[in-house]
There are 2 protein chains.
Amino acid sequence: MAVTLKEVAERAGVSRSAVSRTFTDGASVSDKMRRKVEKAAKDLGYSPNALASSLTTGRTKLIGLVSNNFHNPIFLEVFDLFTRGLQDRGLRPLLVNLTDETDPENSVRMLRQYSVDGVVVASSTLPPEFAKAFRDAGVPVVHSFGRASSAPQVHVVGIDNVECGRMAARELVRRGYTHVGFMGGPEGASSTQDRYSGFMTEMSAHPDIKASHSFADAYSFDAGRREMLRLLKNGPAQAYFCGDDVLSIGALSAIDDSGLSCPDNIGIIGLNDMEMAQWENIDLTTIHQPIRQIVTSSIELMVAMLDDPERYPETRIFPCSIVERGTLKPGI
Amino acid sequence: MAVTLKEVAERAGVSRSAVSRTFTDGASVSDKMRRKVEKAAKDLGYSPNALASSLTTGRTKLIGLVSNNFHNPIFLEVFDLFTRGLQDRGLRPLLVNLTDETDPENSVRMLRQYSVDGVVVASSTLPPEFAKAFRDAGVPVVHSFGRASSAPQVHVVGIDNVECGRMAARELVRRGYTHVGFMGGPEGASSTQDRYSGFMTEMSAHPDIKASHSFADAYSFDAGRREMLRLLKNGPAQAYFCGDDVLSIGALSAIDDSGLSCPDNIGIIGLNDMEMAQWENIDLTTIHQPIRQIVTSSIELMVAMLDDPERYPETRIFPCSIVERGTLKPGI
DNA sequence: ACGCATTTTGCAACCGGTTGCAAAATTGCA
DNA sequence: TGCAATTTTGCAACCGGTTGCAAAATGCGT
């Protein structure tokens, strides 16, 4: 089927090692030899079999790109950045969709069968057991958008979700709201828990302000819509910190449908600063999450791990900042 | 590093072939043998190296999932469906991002190096040369969301874009608009061209109705917004067929910003029927594209090709239908 | 032209599996 | 129990590459 190294060697009248060496950089080949081989290779349309070579080198240049979030448009950008970033470094993303997968062992087995050189877990909702399971299998792991920890077991790149919760709370206080709400994503996700905990910690310093909370089923527009419709029915707070922009935008749509308006009747602050957040008709006040930096840094970290798999686990946290737009009342 | 077949064989006290056979279905192994081997394998935590076996079997179970559209949220769903569908059949998607890639040869080389068993091109904007190049390299190819053709060179699964253009035009005529517009996606994309051509063909039967056209830079919210803002400045038509829902929603946002309203001042009909289209505050009249069926059918076709690579190229077209919501005036 | 150091080349073993073939073990039946 | 038919097993070669090692070739100084 495909042209093999052996055929190239025969046509060039040289040994197989010679051919192998011309395609391995750092190997010693004379110019004459190189020219001969390259000629033969071109004539035959040869390109080396990366998988076969991985057998002896132990490197496949395959990186497992593992996620379970296929409903938040922000992840389309995340995939875009990851795939391009990895490709630029000669690495190939093997996409693994863990939606509905509950047993880390399955995915570990799968990734091991394909002997990936490393795994990037790109998800804020996947339980940390998955990243741990990969690490335990001896595969370099970077958990992007994962939970910050003072004693990290795997490399984590992301934001300080607790601090984001705080920031949002402080902002709502500053704006003079006296009844605020936290509308989180899926309750089990660490990102939700951390944002919640930061939010509530800050609010506990303001006993005069009423703080309520609830959780949407998923980080998706629809979940946000549904949850806000429910809240509106049961007497909503004056302003909400939504655990993600998709939730916020879903919530805005619910507010709109109910004949209410934002920020006049209800304030909203989101998190992510996705593209849509800046549309004039949405104009969402939100906390900016530096997606691009997180992805870039994750890839750099992964590349570093490939060189030194024993590298000591680190946590890289990027600062977030509030982007003021039009979904909160001006404040005092 | 990883446990190998040889180690399992030694521990179980059997030959390497025996171990190989227990992990290959269809091979003949006695129950006693199988038990011995499985015990040893479990003790050692062995899982076979799929890449090594691919050397002799010639199958990697790797499928190249090639796309260049990482801005249209509909594609997040497409990726979700593809990855899950492929995984369910024991196939692994190798994601290839062709944004900014112009030379098919590069991607061909890359996919060949990883000896993928097949390639799914999931894009409505990628030039057909890419799919052809893969086919010429001897790799089974399915082009999903590709251009229908009466003499297909590769397998194509998608919709009849010309007919969609027609449908949209007919609908606008039926509603009594006397000046209509086509607002397409990127001008070079075959999907855009076909939708345009269908639209204009139909309109040419109505010389009394004025028909104009223009193109957005990309299939993205922002491009739709920008294009509609431009149109609004230069005296817009009464209603537009937008080449995709993201364009439509971007356009709606532009209309909203300009203090106009839809459908009172301007009508919009989209294409895709993405999740957001049904939100009450968007309520987009649109042409439904059966994404799920297209993906499912593409995967089935790919699986069939793996069995019979010489299979004669076919084109699978799924019907679309108009979903009436609230962005067109009621009509006569 | 010679001897020595350095570079280039080929041999052969190996990576982790699969598989055709023949030998060994098991089965069925008289 | 004996023997042929059938099943199970192991040997060894192979898939498409890489690499340590020693032999061959080259370069250099005199």
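Every chain is numbered from 1, with letters handed out A, B, ... down the list of sequences.
Both B:Lys32 and B:Ala50 sit near DNA chain C, but only B:Ala50 has its closest nucleotide nearer the 5' end. Between A:Pro48 and B:Gly13, it is B:Gly13 whose nearest contact on DNA chain D lies nearer the 5' terminus.
You'll find the ring centres of A:Phe75 and B:Phe79 outside the 6.0 Å limit.
Rounded to a whole Å, the CZ atom of A:Arg59 is 15 Å from the P atom of D:dT18. In this structure, A:Asp31 atom CG and C:dT8 atom C1' are separated by 12 Å, rounded to whole Å. When rounded to the nearest whole Å, the span between CZ of B:Phe23 and P of D:dT9 equals 15 Å. What separates CZ of A:Arg16 from P of C:dG10 is a distance of 12 Å, to the nearest Å. Between the NZ atom of B:Lys6 and the C1' atom of C:dA13 there is a distance of 12 Å, given to the nearest Å. At whole-Å resolution of the value, CZ in B:Arg21 and P in D:dA12 are 14 Å apart. What separates CG of A:Leu55 from P of D:dG16 is a distance of 12 Å, to the nearest Å. A straight line from CG of A:Asn49 to P of C:dG17 spans 16 Å, rounded to a whole angstrom.
Between B:Tyr46 and the phosphate of C:dG17, there is a side-chain N or O to OP1/OP2 separation shorter than 4.0 Å. In this model, the phosphate group of C:dG17 is not approached by any side-chain N or O of B:Ser53 to a distance below 4.0 Å at OP1 or OP2. When the side-chain nitrogen and oxygen atoms of A:Ser30 are compared with OP1 and OP2 of C:dT8, none of them lie within a distance under 4.0 Å. Within the structure, a side-chain polar atom (N or O) of B:Ser20 is placed less than 4.0 Å from OP1 or OP2 of C:dT18. Here B:Thr56 does not reach the OP1 or OP2 of D:dC14: none of its side-chain N or O atoms lies under 4.0 Å away.
Within 4.0 Å (heavy atoms only), B:Val19 reaches no atom of the nucleic acid at all.
For A:Ser17 and C:dC11, a side-chain-to-base donor-acceptor distance below 3.5 Å is present, hydrogens and geometry of angles not being considered.
Between A:His155 and A:Val141, the closest heavy-atom pair is CB-O, 3.6 Å. Counting all heavy atoms, side chain and backbone alike, B:Leu62 lies closest to A:Leu94 at CD1-CD1, 3.9 Å.
The residue from A:Ile159, A:Val142, A:Val156, A:Val157 that alone fulfils the side chain to side chain contact (heavy atoms under 4.5 Å, CB included) condition with A:Arg316 is A:Val157.
Inter-residue side-chain proximity for B:Ser298 and B:Phe145 is flagged as unmet; no heavy-atom pair is nearer than 4.5 Å.
Listed nucleotides: C:dT8, D:dT8, C:dT18. Nearest to the side chain of B:Ser28: D:dT8.
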